[in-house]
Amino acid sequence: MPDCPHQTLFCDSPLVTSRYGKFVHKIVVIGDDFAYGVGDTTRLGMIPGVAHHLHSKFKKEVKLKHAWELFNQGRINSTSNDWLPRSELNQSSDSKGYFDKVFSSKRMESAEVVIVMIGFTDARAVNLGRKPISAAETVQNVKSICKVLRNLGKDVWVCTPCTNGDKATLSPAQCEENLERVDGIAAYLTANEDGVKMGPRLDTNSYEFKSRDFYSQDGVYFTKKAYIKLSKDFNDMMLTSLIKREFESMKALLGL
């Protein structure tokens, strides 16, 4: 894994496109290593990953008229089990998981848009000394997370897990199951059952992220160049829905 001195850090301070906007909207990025931005090269103390590079894109986007805050809530080595909402757990628990910690926060509970990047660590759970997570479990967990987010009224964008380094780091059986994991997530997003939108595909079935320049020396994690492309793709995909969010807030203010 590339050096990441702040790998357990939750970035609770947002990146803000403008400090002078009367209207403020929020985007939260949740998930694992790729949500956090492992492999990105930012200056010391700067928030890495897609949140950082989307912020740079949005600041230059003339079609966005309101201020947007972006929160990086990625957690390295986290699995889809770690992100399950408490309401979706079979056993009763008083402790908050990552999902409930994020969306019970006063700063982030009102986020209108959530980017979900989960599943990469599920394929590696056993390698990390954790309970194995099957492809079917990952898919069900993603569905559960998205269902709760949609019930909270949020726009949800989901990426398929990155699989570029699987052959070098996983067994043949793990690689095979990870393909099932990717196919299951992609099928759910294509069916669009819950109004969840498919973000950029990061798996090797897509040619978009196959360039060698997009990966660190180990061939597993993204480089800064890949995160810049990912943010550009998200900007192109999300822009219309973000403009709609801005319009809806204006209508609400005017009582329309």
Side-chain angles (χ1 to χ4, degrees), residues 4-40 42-61 64 66-78 80 82-86 96-118 120-121 142 145-146 148-159 196-197 199-200 202 222 224 227-228 230-235 237-239 241-242 245-246 249:
C4 189
H6 307 295
Q7 60 177 304
T8 59
L9 174 67
F10 265 32
C11 306
D12 288 326
S13 298
L15 295 154
V16 187
T17 57
S18 170
R19 299 197 179 276
Y20 305 103
K22 182 176 181 180
F23 296 94
V24 179
H25 308 267
K26 299 178 182 181
I27 298 175
V28 179
V29 183
I30 66 171
D32 51 37
D33 307 41
F34 287 83
Y36 179 84
V38 172
D40 193 13
T42 55
R43 293 196 301 273
L44 185 64
M46 289 186 67
I47 295 171
V50 67
H52 168 75
H53 296 290
L54 258 183
H55 168 252
S56 299
K57 292 284 182 188
F58 287 174
K59 283 175 68 176
K60 301 173 186 175
E61 181 53 69
L64 293 178
H66 297 175
W68 286 84
E69 294 183 351
L70 292 98
F71 293 84
N72 179 346
Q73 291 293 288
R75 184 65 182 259
I76 291 177
N77 287 340
S78 64
S80 61
D82 296 327
W83 281 97
L84 274 176
R86 188 162 49 182
K96 289 183 179 179
Y98 297 150
F99 185 99
D100 294 284
K101 286 179 180 177
V102 170
F103 294 106
S104 64
S105 160
K106 293 297 183 184
R107 304 192 76 173
M108 288 171 278
E109 64 181 0
S110 61
E112 296 157 282
V113 182
V114 180
I115 293 173
V116 180
M117 301 172 73
I118 285 174
F120 171 79
T121 313
V142 169
I145 292 164
C146 291
V148 173
L149 289 171
R150 289 294 293 155
N151 287 343
L152 292 172
K154 304 182 189 304
D155 292 341
V156 183
W157 296 81
V158 181
C159 292
V196 177
K197 302 176 179 70
L202 308 185
F222 277 172
K224 180 178 181 178
Y227 285 111
I228 290 173
L230 179 58
S231 67
K232 179 185 181 302
D233 291 350
F234 262 125
N235 182 71
M237 290 177 169
M238 299 170 69
L239 186 57
S241 64
L242 300 185
R245 283 284 185 177
E246 291 189 348
S249 64

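All values reported here derive from a predicted model rather than from experimental measurement.
Side chain of T121 to main chain of S78: a donor-acceptor pair is present (N/O by atom type, distance under 3.5 Å, no hydrogens or angles). Between the side chain of K26 and the backbone N or O of R107, at least one donor-acceptor pair lies under 3.5 Å. A donor-acceptor pair under 3.5 Å is formed between the side chain of N72 and the backbone N or O of Y36. Distance alone, capped at 3.5 Å, places no donor-acceptor pair between the D40 side chain and the P48 backbone. With Y98 contributing its side chain and G31 its backbone, the two residues share no donor-acceptor pair below 3.5 Å. In this structure, D33 contributes its side chain and N77 its backbone to a donor-acceptor pair below 3.5 Å.
For the atom pair CG of L70 and CD1 of I115, the computed distance is 7.5 Å after rounding to the nearest 0.5 Å. With rounding to the nearest 0.5 angstrom, the OG atom of S56 is 4.5 Å from the NE2 atom of H52.
Residues satisfying the side chain to side chain contact (heavy atoms under 4.5 Å, CB included) criterion with N235, sequence neighbours excluded, are L54, K57, F58, E61. Applying the ring-ring contact (aromatic ring centres under 6.0 Å, His included) criterion to F99, with sequence neighbours excluded, gives F103. For S231, the side chain to side chain donor-acceptor pair (under 3.5 Å) criterion is met by no residue, not counting sequence neighbours.
A pairwise comparison of heavy atoms in D100 and R86 identifies OD2-N, 2.8 Å as the closest pair. Heavy atoms only, all atoms of each residue included: A111 and V28 are closest at CB-CG2, 3.6 Å. Here the closest non-hydrogen pair linking A35 and G74 is CB-CA, 3.9 Å. For the pair S241 and W157, the tightest heavy-atom approach, listed with the atom from each and the gap, is OG-CZ2, 3.8 Å.
Below 30°, between 30° and 60°, or above 60°: for H25 and W68 the angle between ring planes is below 30°, a parallel geometry. Between F23 and H66, the angle of the ring planes stays under 30°, which puts this pair in the parallel group of the 30/60° scheme. Ring geometry, Y227 versus H53: the interplanar angle falls under 30°, so the pair is classed parallel (tilted spans 30 to 60°).
Residues I118 and V158 form no side-chain contact, since every pair of their non-hydrogen atoms from C-beta on lies 4.5 Å or further apart. Residues V116 and V142 form no side-chain contact, since every pair of their non-hydrogen atoms from C-beta on lies 4.5 Å or further apart. Using a 4.5 Å heavy-atom threshold, the side chains of K232 and I228 count as separate. Side-chain atoms of D82 and R75, non-hydrogen and from C-beta on, never get closer than 4.5 Å to each other.
Salt-bridge formation is detected for the pair R245/D155: a Lys NZ or Arg NE/NH1/NH2 atom is positioned less than 4.0 Å from an Asp or Glu carboxylate oxygen.
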